[in-house]
Number of protein chains: 2
Amino acid sequence: MMEGMAAPERGRTGRPPRTSRAQILSAARELIDDEGWERLTMRKLAARAGVAPTTLYHHVRDREELLAALLDDYADRIPRRELPREPVERILAAATVMHDALAGWPWLVEVLTADDLIGDAALWMVEAIVDAAMEHGCPADEAVHLYRSVWYYTVGEILVRASADRKRAELDRPAYRDTVFRRLDKPELPRLSAIAGRWPALCAEDTYAYGLRALVEGLLTK
Amino acid sequence: MMEGMAAPERGRTGRPPRTSRAQILSAARELIDDEGWERLTMRKLAARAGVAPTTLYHHVRDREELLAALLDDYADRIPRRELPREPVERILAAATVMHDALAGWPWLVEVLTADDLIGDAALWMVEAIVDAAMEHGCPADEAVHLYRSVWYYTVGEILVRASADRKRAELDRPAYRDTVFRRLDKPELPRLSAIAGRWPALCAEDTYAYGLRALVEGLLTK
DNA sequence: GCTAGTTTTCGAACATGTTCGAAAAGTCGA
DNA sequence: TCGACTTTTCGAACATGTTCGAAAACTAGC
């Protein structure tokens, strides 16, 4: 038993596969297009792929890995825009492409679990950012810090916004009994009013660009 | 039927409760202490509370809300350290307290869904940061942008690190067949080597403070 | 005491992700 | 052709979160 790996076409043996990983992924894409990612269940996916549910697990570790794979090859298709030549602007542009591309996928909350990277496919953006930082004069390790900081900031913004949206959508969910009562058994909310007055209804979308520029400039003028 | 709300002790009627929300929360805390949050199932929790599983749903909307409530009253117990007087340092200190407190809860990934805020309890940190920013000369809306940026950055760092840890812990999970094979059917990883050389093994923990300061200073010198 | 109303509890059941072990369907060497 | 080996598929089953509807247990008015 050749545990784990097998040369792709080297004297294949065993039962011939009725389905492939690629087919499953593409069936998943169809299903998501049709019904949305929240309704992508393993059973439905199996049905669409014409296969038993358990068979999926031979091609995919679990649902999360499946979603991650979808995200990964989605990232692979992000158009590689022409980036500005000036380093700072180049970093901002690359980060923004990354951000905007990811922000369209609300199910990121369940998937965005890579450390440092989106996935193998989007490395060109990492490269662009690290390159630009070094061109600007950063030593390598600071360039990596910079990339990471940008990545943290971006992931945070996307996740916070995504779950805020989700929560808003859930407001008209059925039976959520005695919410009011529940709030009452808490101690007084401390000084909420003191802040509330200063909390103008700012469009959260504007914050990303605002903070991103500050972050990058702050990192580069060190 | 007084839909939803009921005055706490105003002529109570109906079947007397065998259990309270507070009891459930505290049973949940015990369970988490004993077995870790990943093993907190609604059924086990019900057993510990001496109640049928479905009864929980009368006191709690769902598992997520339960975890959020636990997080919230955890945040309530974060010791309020003395913060520095100088505004910039005060912001950094408040953000770091927030960060460190949250970073100890690996299940944040499933819970950190508040927009703008951790929960009702940790408002004092929001207040500290917004206050300091205004004291430094920011108008109110920029102070809010600043807080939000810091929050995004912090959430991002925590979540990315938490899931990186989780992934590392999962490496010795059972049957994850032909990972190697799967990597081979991808196109060549683009330019990975070009970056790899510049990717020193930097301690990811250092990045948080590094980027945070840059972010805040960048925002304040606008 | 009886009935109507109200709140809490619970048992049955469902959907879903996933594991497990065995069956199916081939290849290869004897 | 026959068995050993390998890979893929699948049915049964489990754990978990959750919904639904009805039963339980009490209070208040008659």
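Sequence lines set the chain letters: A, B, ... in the order given, protein chains first and strands last, and positions in each chain run from 1.
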Chemist: Measure the distance from OH on B/Tyr57 to C1' on C/dC10 and round it to the nearest whole Å.
Modeler: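 Atom-to-atom, B/Tyr57 to C/dC10, this comes out as 14 Å.
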Chemist: Considering only side-chain heavy atoms of A/Thr54, which listed nucleotide, C/dT9, C/dA25, D/dC10, is closest?
Modeler: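 Taking heavy atoms from C-beta onward, the closest nucleotide is D/dC10.
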Chemist: Do the side chain of A/Tyr153 and the main chain of A/Arg148 share a donor and acceptor less than 3.5 angstrom apart?
Modeler: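 It does not hold such a pair.
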Chemist: Measure the distance from NE2 on A/His59 to C1' on D/dT9 and round it to the nearest whole Å.
Modeler: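 Those two atoms, NE2 and C1', are 8 Å apart.
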Chemist: Angle, rounded to 10°, between the helical axes spanning five pairs at each terminus of the helix from C/dG1-D/dC30 to C/dA30-D/dT1?
Modeler: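 End axes: 30° apart.
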Chemist: Given atom CG of A/Leu67 and atom P of C/dT18, what is their separation to the nearest angstrom?
Modeler: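 Distance, rounded to whole Å: 10 Å.
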Chemist: Which is more 5' along DNA chain D, the nucleotide nearest B/Gly14 or the one nearest A/Pro53? Just name the residue.
Modeler: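 The answer here is A/Pro53.
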Chemist: Would you say the side-chain atoms of A/Tyr74 pair up with the backbone N or O of A/Ala101, donor to acceptor, closer than 3.5 Å?
Modeler: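 Side chain of A/Tyr74 to backbone of A/Ala101: a pair is present.
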Chemist: Can you check whether B/Arg15 has a side-chain N or O nearer than 4.0 Å to OP1 or OP2 of C/dC10?
Modeler: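 Negative; the distance criterion is not met.
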Chemist: OP1 or OP2 of D/dC10 less than 4.0 angstrom from a side-chain nitrogen or oxygen of A/Thr55, does that happen here?
Modeler: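 For A/Thr55, the contact criterion (side-chain N or O under 4.0 Å from OP1 or OP2 of D/dC10) is met.
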Chemist: Let's see if you can work this out: which of C/dT9, D/dA25, D/dT27 has an atom nearest to the side-chain heavy atoms of B/His58?
Modeler: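 So the side chain of B/His58 is nearest to C/dT9.
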Chemist: Atom CD of B/Glu65 and atom P of D/dT18: how far apart are they, to the nearest Å?
Modeler: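 After rounding, the gap between these two atoms is 11 Å.
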Chemist: Once you round it to whole Å, what is the distance between C1' of D/dT7 and CZ of A/Arg18?
Modeler: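 Answer to the nearest Å: 14 Å.
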Chemist: Given C/dG17, is OP1 or OP2 found less than 4.0 Å from the side-chain N or O atoms of A/Arg63?
Modeler: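 For C/dG17, OP1 or OP2 has a side-chain N or O of A/Arg63 closer than 4.0 Å.
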Chemist: Give a yes or no on whether the backbone of B/Arg61 and the side-chain of B/Glu65 come within a donor-acceptor separation of less than 3.5 Å.
Modeler: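 Side chain of B/Glu65 to backbone of B/Arg61: a pair is present.
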Chemist: Using atom CG of A/Asp62 as one end and atom C1' of C/dT19 as the other, report the distance to the nearest whole Å.
Modeler: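 It is 12 Å, rounded to the nearest whole Å.
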Chemist: Please report the distance, rounded to the nearest Å, between CD in A/Glu38 and C1' in C/dG17.
Modeler: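 After rounding, the reported distance stands at 17 Å.
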Chemist: Strictly by modelled atom types, are B/His145 and A/Thr207 linked by a side-chain donor-acceptor pair under 3.5 Å?
Modeler: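 Their side chains do contain a donor-acceptor pair, which is all the 3.5 Å distance test asks for.
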Chemist: Donor-acceptor pairs under 3.5 Å, side chain of residues 44-53 of chain B to any protein atom, not counting sequence neighbours: which ones?
Modeler:
from, atom 1, to, atom 2, distance (Å)
B/Lys44, NZ, B/Glu35, OE1, 3.0
B/Lys44, NZ, B/Arg39, O, 3.2
B/Arg48, NE, B/Glu30, OE1, 3.2
B/Arg48, NH1, B/Asp34, OD2, 3.4
B/Arg48, NH2, B/Asp34, OD2, 2.9

Chemist: List the atom of B/Met42, the atom of B/Asp62, and the distance in Å for their closest heavy-atom pair.
Modeler: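 Between these two residues, the closest heavy atoms are CE-C, 4.4 Å.
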Chemist: Kindly say whether B/Gly211 contributes a backbone atom to a donor-acceptor pair with the side chain of A/Tyr152 at under 3.5 angstrom?
Modeler: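 Checked: no pair found.
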Chemist: At a heavy-atom distance below 4.0 Å, what parts of residues 41-52 of chain B sit against DNA chain D?
Modeler: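 The answer is B/Thr41, B/Met42, B/Arg43.
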Chemist: Under 4.5 Å between any side-chain heavy atoms of A/Tyr210 and B/Leu219, yes or no?
Modeler: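 Yes; the side chains approach each other to less than 4.5 Å.
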Chemist: What does A/Leu56 touch in the nucleic acid at a heavy-atom separation under 4.0 angstrom: a base, only the sugar-phosphate, or nothing?
Modeler: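 Since no nucleic acid heavy atom lies under 4.0 Å of A/Leu56, the category is nothing.
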Chemist: Could you tell me the separation between the CZ atom of B/Arg61 and the C1' atom of D/dG17, rounded to a whole number of Å?
Modeler: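 Rounded to whole Å, this separation is 14 Å.
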Chemist: Could you grab the distance from atom CG of B/Asp33 to atom CG of B/Leu40, nearest 0.5 Å is fine?
Modeler: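 Taking CG in B/Asp33 and CG in B/Leu40, the distance rounds to 11.0 Å.
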Chemist: Remember a base hit wins even if backbone is also touched, and classify B/Leu66 as base, sugar-phosphate or nothing at under 4.0 Å, heavy atoms.
Modeler: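 Nothing, no nucleic acid heavy atom in range.
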Chemist: In a check of side-chain contact (heavy atoms from CB on, under 4.5 Å) between B/Ile158 and each of B/Val155, B/Thr154, B/Val160, which one passes?
Modeler: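 One option only clears the test, and that one is B/Thr154.
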